[in-house]
Each structure stands twice: as C-alpha cells, then as structure tokens.
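Computation of the quantities below employed the complete heavy-atom set of this structure, encompassing side-chain atoms and omitting hydrogens, waters and symmetry-equivalent molecules. Lettering follows sequence order; numbering is per chain, from 1. What you are looking at is a predicted structure, and each value in this text was computed from that prediction instead of being measured.
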Protein chains: 2
Amino acid sequence: MTIGRLAEATGLSKSGLFAHFKSREALEVALLEEAARLADKHVVEPAMRNPEGLPRLMALVGLWFGWSARAGLRGGCPIAAALFELDDAPGMVRDAVAALDAKWRTLLRDHVQQALDLGHLHAQTDRDQLVWELGGIYLAHHSSMRFHRDPQADQRAQFALIALLQRCGADPVHL
Amino acid sequence: MTIGRLAEATGLSKSGLFAHFKSREALEVALLEEAARLADKHVVEPAMRNPEGLPRLMALVGLWFGWSARAGLRGGCPIAAALFELDDAPGMVRDAVAALDAKWRTLLRDHVQQALDLGHLHAQTDRDQLVWELGGIYLAHHSSMRFHRDPQADQRAQFALIALLQRCGADPVHL
DNA sequence: TGCAGAATAGCACGACCGTTCGTACACCCA
DNA sequence: TGGGTGTACGAACGGTCGTGCTATTCTGCA
C-alpha cells in the first residue's frame, strides 16, 4: 500500500494524509498498530469469554485462523505478509512487526501454560514448540486461503490443530 | 528485485538485460524457473539416492527445509515469498508460482503414496493433509530462519516433522 | 467578531520504476 | 566484401513513489 493510493481511498490528499505521519514508515507502523487493535477485538477479546485452559486456547487459535478476512483486511494478515517480505529489510516497520509477533506468541504461550497448569495438556509439553507449530498451521492456512483459494483450508487447519493438541495430550472432551 | 538492481549486480546495463526478456514479468518467470532448477539439483536429485518409501520422503523433506539458503539464494525461497506477496496479483508470475508449487506438492504426494504403498505409513493416512501440514512446517521454518533468525529453527522443524510422521504411523526405525 | 493554531490542499522536487528507441559492435554466411 | 543477425549500450520517456514547502480552509476560544 502506497501513500497515494491510501490517500485516494480515504478521500484525503496525499500531502494532507502525509502531514499526520511524518514518514512512510511511521504510517506503516500506525497501520500495523491499527491492525493489532482489530486483532484484539476480533480474536483476543471474544476468545477471553471462554473458560480458562484448553477451551480458551482452542477459541484463541480458532479465531486466529482467518481473522484478517473477518476483520475486513483485504490484504490478508499484515504480520504474515511481513514475515516473508521484510526478512532482511531492517527498519522500524520490521521492528514493529517483530514486536507484535513476539507479543502474540507470548500470549499464545501463556495460554498454553494455563492449559498446562490446569492439566488439560501433558505436563511435559514443550510450550514453545507447540506455539511454533501452531504458527506453521496458521501460515499454511493463510497461504491456502489467499493464494490457492482452497475451499478446504479451514478443515485442513482444523484437522491439523486437533491432531497437534491430541499429541500434546489434550482432553478429547474439549476438542 | 528490480531490473535496474539486477542489471547492476550482473554488470550488464539495464537495457541490455531487458533485451533478453521482453518484460519484467517474463524475467521474473525465468528467475523462478532457474530457482526450480536449483531446487531440483539441491533437493530432489540427492533425495532420490535414498531407498524408496519413508527414507526417501524423509530425505526429500529434510533437504527441502532450508534449501534456498544452501542453494545460495539470498532472498530465501521465492515460492514461499510469492505465496504471501502475490496473493491477489494475477498475472503470469502468479501463474508460474502456482504451477511450480503444484508440481512440488504433487511430487511430495507421490512419495507419500509410495511410503504408504510400502507400508511405511498407516494405510488410512490422508495424503493431501500430510502434504498440507508439511507445507506448514516448511513455512514456519522459513520465517523462523529468515525473519526471526531463530537458531532453533532447524530442530523445531525436525521435531515437528518426526511428530507428524509418527502420527501417520511411520516406522520409528526410519526416523 | 477576530484570531491563533490545527488540518488539509496544491504543487514541485528528486529518485527510481519498467520500457522504448536509436545505435554500435561482433559475428556468420552469401 | 557486404549484409543480416544477435547482443550490448546510453539516453530518454511517462509514470509513480516519498517527501518537503507554501497556501488555504476550518475550528474553537477570547
């Protein structure tokens, strides 16, 4: 997304929009923060209404998959895109992406821990490994939905998710 | 990668380089095909030296993970990048990526089938689901390596791979 | 009512993009 | 020897990018 196109879409002039942020990078960071706010609203917030432990974790991940489409983000998940576009493009945008990603992973990890504390998962479960693999399913689902337009993407992800949690000793009652 | 930068890197002039391909898109397609050739050499070819079935499949996937770095591609795997950059950018580049990706998935699927035929995996294994999940591990590994620079990326991927194959009934002897 | 200050617009800039054009050199075959 | 052909070049095009500079318009308070 460029400043000109964004200005056109919002009805503002390029310079008028530009005046608010002082650089293109700052604008992109602001965009990312807005996306994070959307994610909070569409993913985290509703997930928190589920009981602690595995149910909440399941809700969190279930709402995570495909959240960007439901939130109305036409370009897909900006974090996922940035993970592959900004591999080696240092700067504040990359830093912002890294920070948001780290925050999200920490949140996931905390809820894995909670499920673990409540005995909903095997005690010897490697939390970081679980979060890492969840990320893999998310990326596969994202590319499956957006690039391949695979109508089976949702069930593929759901199947993989359940299998992964079963491996970690999830109580089948919650799946 | 832009034509100007590529020309500079190769020592040619922009127009001289451009004369060979007739458009930027054609050049990108040629670049993709060259990458595919590299992948054949660095992944498929050596993997074929392993015995049929699960060993060959394991070799194939093991060589797949991180292949772009070993092949000297500084930008990472171009297919993986394109999956997230060209989501909604129709054209011959996207088509070429889709074709290469489909070809690779078919190859993977065939070798899953072979492992299945030889009884190295459960008979009721869903081949496409397995390939789909392998793709997820690959993407997680790729972003882990390139974006996060996580030194544990390799073992994370290896762990996930083994767990996935065990789930499909892989004979532990081969893992 | 008038005015300070913020918000927005207009405009021009330099840089880079993909692309085209005319041209110069080297080679092969008649 | 001469002309066709392939390969490379420099220069320039129109377009778009991000970004400043300077007006203008709007808004809220004395």
Any residue in residues 89-97 of chain A with a heavy atom nearer than 4.0 angstrom to DNA chain D? Just list them by number, or reply none.
none
Only counting residues at least two apart or in another chain, list the ones meeting salt bridge (Lys or Arg N to Asp or Glu O under 4.0 Å) with [X].
{"X": "A/E85", "answer": "none"}
{"X": "A/R156", "answer": "B/D126"}
{"X": "B/D88", "answer": "A/R146"}
{"X": "A/D95", "answer": "none"}

Shared hydrophobic cluster, B/I162 / B/V131 (ILVMFWY, side-chain heavy atoms < 4.5 Å):
yes
By the side chain to side chain donor-acceptor pair (under 3.5 Å) test, which pairs, at least two apart or in different chains, include something from residues 55-78 of chain B?
B/W67-B/Y138
Side chain to side chain donor-acceptor pair (under 3.5 Å) partners of residues 34-51 of chain B, not counting sequence neighbours, each pair once
B/E34-B/R37
Are any protein N/O atoms closer than 3.5 Å to N/O atoms in nucleotides 6-9 of chain C? If there are, list each pair with its distance.
from, atom 1, to, atom 2, distance (Å)
C/dT8, OP2, A/H20, NE2, 2.4
C/dA9, OP2, A/S13, N, 2.7
C/dA9, OP2, A/S13, OG, 3.0

5' to 3' on DNA chain D, which nucleotides open and close the contacts with chain A (atom under 4.0 Å from a heavy atom)?
D/dC17 to D/dG20
Donor-acceptor contacts, no H, no angles, side chain residues 20-33 of chain A, under 3.5 Å, sequence neighbours left out:
from, atom 1, to, atom 2, distance (Å)
A/S23, OG, A/E25, N, 3.4
A/S23, OG, A/A26, N, 3.1
A/R24, NH1, A/E28, OE2, 3.1
A/R24, NH2, A/E28, OE2, 2.8

What integer distance in Å separates B/R24:CZ from C/dC16:C1'?
13 Å
Only counting residues at least two apart or in another chain, list the ones meeting side chain to side chain contact (heavy atoms under 4.5 Å, CB included) with B/A82.
B/L86, B/V97
Residues in ring-ring contact (aromatic ring centres under 6.0 Å, His included) with B/H111, at least two apart?
none
